[in-house]
Asks: 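Okay, here's the structure, questions in a sec.
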Amino acid sequence: FKEVDSIAVDFMLWLTKLSPDGRFLVCANGSEIIIWDMKNEKKIKTSDEYISLAESAEIVISSDSRLLVVADNRFIKLWNIESNELLSVFKTISLGLPVGKVVTSVAISSDSSLLAAGMFDTNKAMLWSIKDNKATIIDTQLSTVFTVSFSPDGRLLAFGGPEGLELYDVKTKKEIPIDWEPGHIRRSAFSADGKLLLSGGDNAVHIWDMQKLKMIDAIKQSSAVTYLSLSSDGKWLAVGIVKPSQVKLYNMLSFKEVATFIGSYNNALNSNGCLLATTNGLDTNLWDVPKQDKIATLLPDVYIRNLYF
């Protein structure tokens, strides 16, 4: 495991994102977004539309690596990554959303037809039909929508916030009653088969059965859950907590802890769940998941804020 290349930039990066197919690397700060075509080793032209991007902005790439979404407290924009074509722009104020409310979470459905976004300090969330270029505002029962997740089939939409978890039917835009316990939810993720929904918040990861619409287990933690990573095969779950700083690895068949990695909380699992990367910002460790052995320690000369496979 060696560094194969580096890309010099003239600014501090706030956000980075790697496309699912590994072809595009997106980097952003307050003045611009740069997209690198890793396959052809070239920078894709950026646009003045990116200027004055807020530090709290969110960047999401569709599962087919075709669409790039950039969202902050003023707008939500959609690009075709390869052609750098700006496809659509929504100004948050035009949607009836409170002025200056920060976008906290963005998600794209697996078929790239829908986009959902949650807002800070407001109960409102947005559901945007990319095909029709139409947006619908959903009034949740949450004071802030911290996390947004689509089910793999795009039928369900989960919102998490200070008051707990809410589930909505995407077609009807109506809430689906779910048996949940009140709690602060900051992270959520559906399993690859859509049968389970995981939510992370105050001192626990909750696991929900989507057929019964009931919580079936709660994995207790020593502090708030800041990161959740699920392997695409559904076998492994990595949970990051801050106090103490550590990543815990769980077997999703038994919901049992199999390993704890001390000193980091930011984490990422590769697609087949065989590799786990953890970082505390200064050093990054790579782990063999089945063996729970450290493969390598990477010591970059920059502060690491994001990890992606």
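Note that the structure is predicted; figures quoted are calculated from it, not measured. By convention here, the first residue in the shown sequence is residue 1.
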Asks: Once ring-ring contact (aromatic ring centres under 6.0 Å, His included) is applied, do any residues pair with Phe261, and if so which ones, sequence neighbours excluded?
Replies: Trp287
Asks: With a cut-off of 6.0 Å (strictly less than), are more than 12 heavy atoms of other residues, nucleotides or ligands near NZ of Lys173?
Replies: yes
Asks: Please identify each residue that fulfils side chain to side chain donor-acceptor pair (under 3.5 Å) with Asn203, with sequence neighbours left out.
Replies: none
Asks: Could you pull out the closest heavy-atom pair between Phe190 and Ser149, with the gap in Å?
Replies: CE1-O, 3.5 Å
Asks: Using the salt bridge (charged side-chain N to carboxylate O under 4.0 Å, His left out) criterion, which residues pair with Asp37? Sequence neighbours excluded.
Replies: Arg23
Asks: Do Leu78 and Ile108 share a hydrophobic cluster (ILVMFWY, side-chain heavy atoms under 4.5 Å, transitive)?
Replies: yes
Asks: Any idea which heavy atoms bring Pro20 and Ile61 closest together, and the distance?
Replies: CD-CG2, 3.8 Å
Asks: From Leu115 CG over to Ile130 CD1, what is the distance, rounded to the nearest 0.5 angstrom?
Replies: 5.5 Å
Asks: So does Arg155 get a backbone contact from the side chain of Asp153, meaning a donor-acceptor N/O pair under 3.5 Å?
Replies: yes
Asks: With heavy-atom distances below 4.5 Å as the criterion, would you say the side chains of Asn133 and Trp128 are in contact?
Replies: yes
Asks: Is the shortest side-chain heavy-atom distance between His206 and Ser199 below 4.5 Å?
Replies: yes
Asks: List the atom of Pro162, the atom of Ser143, and the distance in Å for their closest heavy-atom pair.
Replies: CG-OG, 3.6 Å
Asks: Tell me, which pairs form a side-chain hydrogen bond (donor to acceptor under 3.5 Å, both in side chains) where one or both residues lie in residues 236-253, sequence neighbours left out?
Replies: Gln221-Tyr250
Asks: Taking all non-hydrogen atoms of both residues, which atom of Ile178 and which atom of Leu213 are closest, and how far apart?
Replies: CG1-O, 3.5 Å
Asks: Rounded to the nearest 0.5 Å, how far does CE of Met119 lie from OG1 of Thr104?
Replies: 8.0 Å
Asks: Just by distance, do the side chain of Ser63 and the backbone of Ser110 share a donor-acceptor pair under 3.5 Å?
Replies: yes
Asks: Restricting to side-chain contact (heavy atoms from CB on, under 4.5 Å), what partner residues turn up for Asn80, sequence neighbours left out?
Replies: Arg66, Glu82, Ser83, Glu85, Leu87
Asks: Using the rule that two of Ile, Leu, Val, Met, Phe, Trp, Tyr join whenever any of their side-chain heavy atoms come within less than 4.5 Å, decide whether Leu228 and Leu197 are in one cluster.
Replies: no
Asks: Can you tell me how far OG of Ser62 sits from CG of Asp111, rounded to the nearest 0.5 angstrom?
Replies: 10.0 Å
Asks: Does Leu67 share a hydrophobic cluster with Val106, counting links as ILVMFWY side-chain heavy atoms below 4.5 Å and allowing steps through other members?
Replies: yes
Asks: How long is the gap from OG on Ser231 to CG on Leu275, to the nearest 0.5 Å?
Replies: 11.5 Å
Asks: Looking at every non-hydrogen atom in both residues, tell me the closest pair between Ala238 and Leu276 and how far apart they are.
Replies: CB-CD1, 3.9 Å
Asks: Step by step, work out the side-chain contact (heavy atoms from CB on, under 4.5 Å) result for Leu196 and Met252.
Replies: CA-CA 10 Å; Leu196 299 176; Met252 283 298 292; 3.9 Å; yes
Asks: With a 4.5 Å heavy-atom cut-off, do Gln141 and Glu166 have their side chains touching?
Replies: yes
Asks: Can you see which heavy atom on Ser229 is nearest to which on Leu269, and at what distance?
Replies: O-CD1, 3.3 Å
Asks: Would you indicate whether the side-chain heavy atoms of Ile137 and Met126 approach each other to under 4.5 Å?
Replies: yes
Asks: Clusters formed by hydrophobic residues whose side-chain heavy atoms approach within less than 4.5 Å: which one holds Leu114, and what are its other members?
Replies: Leu127, Ile138, Leu142, Val145, Val148, Phe150, Leu157, Phe159, Tyr168, Val170
Asks: Looking only at atom types and distance, does a side-chain atom of Thr284 sit under 3.5 Å from a main-chain N or O of Thr279, one as donor and one as acceptor?
Replies: no
Asks: Within this structure, what is the CG-CG distance for the pair Leu237 and Leu249, rounded to the nearest 0.5 Å?
Replies: 8.0 Å
Asks: Can you confirm whether Leu165 sits close enough to Trp208 that some side-chain heavy atom of one is under 4.5 Å from a side-chain heavy atom of the other?
Replies: yes
Asks: Does the side chain of Val239 reach to within under 4.5 Å of the side chain of Ile219, using non-hydrogen atoms?
Replies: no
Asks: Tell me, please, which residues at least two apart from Asp139 pass salt bridge (charged side-chain N to carboxylate O under 4.0 Å, His left out).
Replies: Lys124
Asks: Indicate whether the side chain of Thr147 and that of Ser188 have a donor and an acceptor atom separated by less than 3.5 Å.
Replies: yes
Asks: Does the side chain of Thr140 pick up a donor-acceptor pair with the side chain of Asn123 at under 3.5 Å?
Replies: no
Asks: Could I get the full list of side chain to side chain donor-acceptor pair (under 3.5 Å) partners for Ser112, not counting sequence neighbours?
Replies: Asp64
Asks: Is there a path of hydrophobic side-chain contacts, each under 4.5 Å between heavy atoms of I/L/V/M/F/W/Y residues, joining Val26 to Val70?
Replies: yes
Asks: In chain order, what residues pass the salt bridge (charged side-chain N to carboxylate O under 4.0 Å, His left out) check against Asp169, with sequence neighbours excluded?
Replies: none
Asks: As a test of understanding, state which of Ile35, Val60, Asn84 forms a side-chain contact (heavy atoms from CB on, under 4.5 Å) with Leu68.
Replies: Ile35
Asks: Would a single hydrophobic cluster contain both Ile216 and Leu198, if residues Ile, Leu, Val, Met, Phe, Trp and Tyr are joined by side-chain heavy-atom contacts under 4.5 Å?
Replies: yes
Asks: Residues two or more places apart in sequence or in another chain: which of them pass side chain to side chain donor-acceptor pair (under 3.5 Å) with Asp293?
Replies: none
Asks: Can you name the residues that form a side chain to side chain donor-acceptor pair (under 3.5 Å) with Asp21, not counting sequence neighbours?
Replies: Ser19, Ser65
Asks: Under the side-chain contact (heavy atoms from CB on, under 4.5 Å) test, which residues partner Arg186, sequence neighbours left out?
Replies: Phe146, His184
